[in-house]
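Start at 1 with the first residue, then count along the sequence.
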Amino acid sequence: MNRAARAFWLDSPGRGEIREVDLPEPGPDEVVVRALYSGVSRGTETLVFRGGVPESQHTAMRAPFQEGDFPGPVKYGYLSVGVVEEGPESLTGRTVFCLYPHQTRYVVPAAAVTPVPESVPAGRAVLAGTVETAVNALWDAAPLVGDRIAVVGGGMVGCSVAALLARFPGVRVQLVDADPARATTAEALGVGFALPADADGDCDLVVHASASEQGLARALELLRPEGTVVELSWYGDRKVGLPLGEAFHSRRLTIRGSQVGTVSPARAHRGYGDRLALALDLLADPALDTLVTGESPFEELPAVMPRLASGDIPALCHRVRYDAPGAGTHA
């Protein structure tokens with residue numbers, strides 16, 4: 001059988017295309033996955049699409065199954081959900097999540113896919129990578145019962161963090177964003193909402209995910225003395241200025257980075273697979289459907305990505321749909 005598939009490539013910054021690719025024959029420990037959905041992580045992927053990955057981060061920013069190099073041509077992405085068509089009996093026919101780019105079919109090691117629980121719809125499972133980021137961030141942040149917490153930045157990552165924090169007992173959680181429309185999202189997730197100027201202060205912990213200088217400055221303002229900001233934003237090649245004079249030192253504030261590429265030292269005994277499996281289990285909550293704010297067919301991705309990058313299509317997670325079960329394979 002001659003196997004073929006189609007994949008989305010960033011040809012050059014700001015320009016994408018769909019390319020035909022030939023799939024290798026799967027080995028004994030590999031699986032063939034037919035994609036059902038993939039997700040566009042609006043923050044990281046649109047930064048890659050714009051060519052905004054600094055040269056110093058080209059290695060650190062590589063996705064697990066990336067092909068090509070920054071700034072392009074490159075095949076990039078990491079939120080794919082599909083069905084195993086061939087592979088070990090225990091996986092064949094199962095819906096799985098894989099950190100794979102946007103492609104109709106692909107061959108990967110069986111160990112690279114994680115079964116999606118039956119309680120989680122395939123379309124929601126594209127959020128697994130982002131919820132995994134939120135899990136890691138909360139391992140780093142270590143919130144306590146009764147904490148006063150703000151999440152500054154109501155994007156895909158910030159909303160995922162807020163959704164998980166909503167389950168903590170006795171915690172005051174407020175999602176802070178400059179877009180008043182995020183109030184509806186916050187309500188669906190079961191947390192409070194405030195515009196930046198109206199946010200509640202005296203926070204024990206602030207999780208910052210707005211990827212803006214103004215957002216990080218406001219996050220510091222919302223802390224109580226000796227409070228901590230956990231920084232999740234990825235700024236790419238942008239410089240960020242902060243008010244580290246004024247009362248920063250006298251209030252003994254802390255800014256701590258968190259990045260999903262490494263399992264939090266607080267849970268160093270847990271592996272990447274454990275963390276991803278936990279994220280998938282947490283996706284049984286239907287409230288998380290509110291984070292999927294748009295959908296389009298795979299064939300339209302070259303036209304959709306520039307609009308996502310420019311903000312013409314406002315999105316948290318934009319879902320890509322693969323419609324034709326037989327597409328991409330021929331004898």
Would you say [X] and [Y] are hydrophobically clustered, going by side-chain heavy atoms of ILVMFWY under 4.5 Å?
| X | Y | value |
| --- | --- | --- |
| L144 | L223 | no |
| Y272 | L282 | yes |
| I313 | M156 | yes |
| V107 | Y100 | no |
| L36 | V120 | yes |

Do side-chain atoms of [X] reach the backbone of [Y] as a donor and acceptor pair under 3.5 angstrom?
| X | Y | result |
| --- | --- | --- |
| E246 | F248 | no |
| R319 | G123 | yes |
| H208 | L216 | yes |
| T44 | S41 | no |
| T290 | A287 | no |
| D312 | R307 | no |
| N136 | T262 | yes |
| S212 | G215 | yes |

Do you know the tightest heavy-atom contact between [X] and [Y]?
| X | Y | value |
| --- | --- | --- |
| L164 | A134 | CD1-CB, 3.8 Å |
| D140 | S258 | OD2-OG, 2.6 Å |
| F49 | R15 | CZ-N, 3.7 Å |
| S233 | S210 | OG-N, 3.4 Å |
| A279 | E132 | CB-N, 3.6 Å |
| C317 | G39 | SG-CA, 4.2 Å |

- [ ] Answer whether the closest heavy-atom distance between the side chains of S38 and F8 falls below 4.5 Å.
- [x] no

- [ ] May I ask you to test the R275-V260 pair for a side-chain heavy-atom distance under 4.5 Å?
- [x] yes

To the nearest 0.5 Å, what is the distance between [atom1] on [X] and [atom2] on [Y]?
| X | Y | atom1 | atom2 | result |
| --- | --- | --- | --- | --- |
| L288 | L127 | CG | CG | 6.5 Å |
| T114 | L280 | OG1 | CG | 6.5 Å |
| L189 | L291 | CG | CG | 5.5 Å |
| L253 | T228 | CG | OG1 | 8.5 Å |
| I149 | L205 | CD1 | CG | 5.0 Å |
| R321 | E299 | CZ | CD | 9.0 Å |

Open item on the list: Among V152, L220, I255, V176, exactly one meets side-chain contact (heavy atoms from CB on, under 4.5 Å) together with V206. Which residue is that?
Closed with: V152

- [ ] Determine whether the aromatic ring centres of F70 and Y76 lie less than 6.0 Å apart.
- [x] yes

TODO: Could you walk me through whether V32 and V84 pass side-chain contact (heavy atoms from CB on, under 4.5 Å), step by step?
DONE: CA-CA 6 Å; V32 179; V84 175; over 6 Å; no

Open item on the list: Counting only heavy atoms from other residues, nucleotides and ligands, does the tally under 6.0 Å from CD of E187 exceed 12?
Closed with: no

Open item on the list: Counting neighbours of CZ on R252 that are heavy atoms of other residues, nucleotides or ligands and sit closer than 6.0 Å, is the number greater than 12?
Closed with: no

TODO: Decide yes or no on ring-ring contact (aromatic ring centres under 6.0 Å, His included) for Y78 and F65, but give the supporting numbers first.
DONE: CA-CA 8 Å; Y78 46 83; F65 293 100; over 10 Å; no

TODO: Determine, stepwise, if the pair V161 / L232 fulfils side-chain contact (heavy atoms from CB on, under 4.5 Å).
DONE: CA-CA 10 Å; V161 171; L232 298 184; 3.8 Å; yes

Would you call [X] and [Y] a salt bridge, taking side-chain N to carboxylate O under 4.0 Å as the test?
| X | Y | answer |
| --- | --- | --- |
| D289 | R124 | yes |
| E17 | R19 | yes |
| D147 | R172 | no |
| E85 | R105 | yes |
| R267 | D274 | no |

TODO: Identify the residue among F298, Y37, Y106 that makes a ring-ring contact (aromatic ring centres under 6.0 Å, His included) with Y322.
DONE: F298

- [ ] Determine, stepwise, if the pair D200 / R148 fulfils side-chain contact (heavy atoms from CB on, under 4.5 Å).
- [x] CA-CA 9 Å; D200 294 331; R148 292 158 294 189; over 6 Å; no

Task: side-chain hydrogen bond (donor to acceptor under 3.5 Å, both in side chains), paired with K75, selected from E67, Q66, H102 - done: E67

- [ ] Apply side-chain contact (heavy atoms from CB on, under 4.5 Å) to R34 and T104, showing your working.
- [x] CA-CA 6 Å; R34 172 174 57 83; T104 56; over 6 Å; no

Task: Derivation and outcome, side chain to side chain donor-acceptor pair (under 3.5 Å), residues H318 and S296 - done: CA-CA 8 Å; H318 187 85; S296 59; 2.9 Å; yes

